[in-house]
Amino acid sequence: MKIAPSILSADFANLAHDVEVVENAGVEYLHIDIMDGHFVSNLTFGANVVKALRPHSNLVFDCHMMVEDPEKYVVDFAQAGADIMGVHAEATPHLHSVLSLIKSAGMKAEVVINPGTPVSMISEVLPMVDQVLVMTVDPGMGGQKFLAETMTKVKQLADAKKKNNLNYDIEVDGGLNDQTVKQALAAGANVIVAGSYIFGADVPADSITALRKGSETHI
């Protein structure tokens, strides 16, 4: 299991410090939510924030693009130091093209689906992606309740991966904590995004430890 703290729930005035805290606690990824105020109503970070954080961290920068026309951002984020770029299947009619562009820019390509989007919508691009992100809440706002019904899609993706001998990671994002992580891992997820559960804690490292213990006892 890889843990990806979401800086959407971090202290924006002290991002470098908060990133250092979770990196020292042993996480593997940093989840960076990019929102454009159009695809979702919130507005968050741009490539400039990724570029500013890059010298301060050796974590994998996992950039989740909640934006319209994601192809416009690929070069900027690659140059800023992003390692993974995730694009929503719902955000572009040119999904295959955008994923190809991400890979050609030197990043890993991820496809993202919302709770209301079926796995069948992305079946044709699964052989080309490095990671699939299943949203376990509706995108655009932190602190929402985990949607257990999305685990059906995680299992479908895990089954497709095994059946077709594919090699993508399965990431889940939204409402993850030391209890819901057990459901996600049991369904087949192996990358866990957690925002408010980690950064909202008095001691973020304790929440990270609790997630890892949850992974040891998942049902």
Hey, mind stepping through Val172 and Val193 against side-chain contact (heavy atoms from CB on, under 4.5 Å) and telling me if it holds?
-> CA-CA 6 Å; Val172 286; Val193 177; over 6 Å; no
Listed partners of Tyr73 passing ring-ring contact (aromatic ring centres under 6.0 Å, His included), at least two apart =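 By the ring-ring contact (aromatic ring centres under 6.0 Å, His included) rule, Tyr73 matches no residue at all.
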How long is the span from the [atom1] atom in [X] to the [atom2] atom in [Y], to the nearest 0.5 Å?
{"X": "Asp173", "Y": "Ser6", "atom1": "CG", "atom2": "OG", "value": "6.0 Å"}
{"X": "Leu15", "Y": "His56", "atom1": "CG", "atom2": "NE2", "value": "10.5 Å"}
{"X": "Met65", "Y": "Ile102", "atom1": "CE", "atom2": "CD1", "value": "8.0 Å"}
{"X": "Lys153", "Y": "Ile170", "atom1": "NZ", "atom2": "CD1", "value": "12.5 Å"}
{"X": "Asp76", "Y": "Met85", "atom1": "CG", "atom2": "CE", "value": "8.5 Å"}
{"X": "Thr44", "Y": "Ile34", "atom1": "OG1", "atom2": "CD1", "value": "5.5 Å"}

Taking a hydrophobic cluster as the set of Ile, Leu, Val, Met, Phe, Trp and Tyr residues connected by side-chain heavy atoms closer than 4.5 Å, whether directly or through intermediates, do [X] and [Y] fall within one such cluster?
{"X": "Ile198", "Y": "Ile7", "result": "yes"}
{"X": "Tyr29", "Y": "Ile208", "result": "no"}
{"X": "Val125", "Y": "Leu166", "result": "yes"}

Just do the salt bridge (Lys or Arg N to Asp or Glu O under 4.0 Å) check on Asp130 and Lys103 with the steps written out, would you?
-> CA-CA 9 Å; Asp130 301 288; Lys103 293 175 79 73; 3.2 Å; yes
Which pair of non-hydrogen atoms, one from [X] and one from [Y], has the smallest distance, and what is that distance?
{"X": "Asp138", "Y": "Pro115", "value": "OD1-CG, 3.7 Å"}
{"X": "Glu171", "Y": "Ala4", "value": "OE2-CB, 4.1 Å"}
{"X": "Cys63", "Y": "Ala82", "value": "SG-CB, 3.7 Å"}

With sequence neighbours excluded, tell me which residues meet side-chain hydrogen bond (donor to acceptor under 3.5 Å, both in side chains) with Thr209.
->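 For Thr209 there are no side-chain hydrogen bond (donor to acceptor under 3.5 Å, both in side chains) partners, ignoring immediate neighbours.
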Hey, could you give me each pair passing salt bridge (Lys or Arg N to Asp or Glu O under 4.0 Å) that has a residue in residues 81-95? Not counting sequence neighbours.
->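 Output for this query lists Arg54-Asp83.
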Going through the distances and angles, do Glu28 and Arg212 end up as a salt bridge (Lys or Arg N to Asp or Glu O under 4.0 Å)?
-> CA-CA 12 Å; Glu28 293 82 9; Arg212 297 221 185 266; 3.0 Å; yes
Given Asp18 and Val22, is the side-chain contact (heavy atoms from CB on, under 4.5 Å) satisfied, shown in steps?
-> CA-CA 7 Å; Asp18 280 8; Val22 295; over 6 Å; no
So, Phe77 versus Phe61, ring centres under 6.0 angstrom or not?
->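 No, they do not, as the ring centres are separated by 6.0 Å or more.
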From CA spacing to verdict: side-chain contact (heavy atoms from CB on, under 4.5 Å), Tyr168, Leu126 | CA-CA 8 Å; Tyr168 50 78; Leu126 290 179; 4.0 Å; yes
Ion pair Asp62/Lys108, N-O distance below 4.0 Å |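 Salt bridge: no.
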Donor-acceptor pair, Asn177 side chain versus Gln179 backbone, under 3.5 Å?
->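 Yes, because the side chain of Asn177 sits within donor-acceptor range (under 3.5 Å) of the backbone of Gln179.
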Apply the test side-chain contact (heavy atoms from CB on, under 4.5 Å) to residues Lys145 and Val137: give CA-CA distance (whole Å), side-chain angles for both, the deciding distance (0.1 Å), then the verdict.
-> CA-CA 7 Å; Lys145 184 179 178 181; Val137 297; over 6 Å; no
Taking the inter-plane angle between the rings of His88 and Phe39 on a 0 to 90° scale, is it parallel (under 30°), tilted (30 to 60°) or perpendicular (over 60°)?
->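 Judged by the thresholds at 30° and 60°, the geometry between His88 and Phe39 is tilted.
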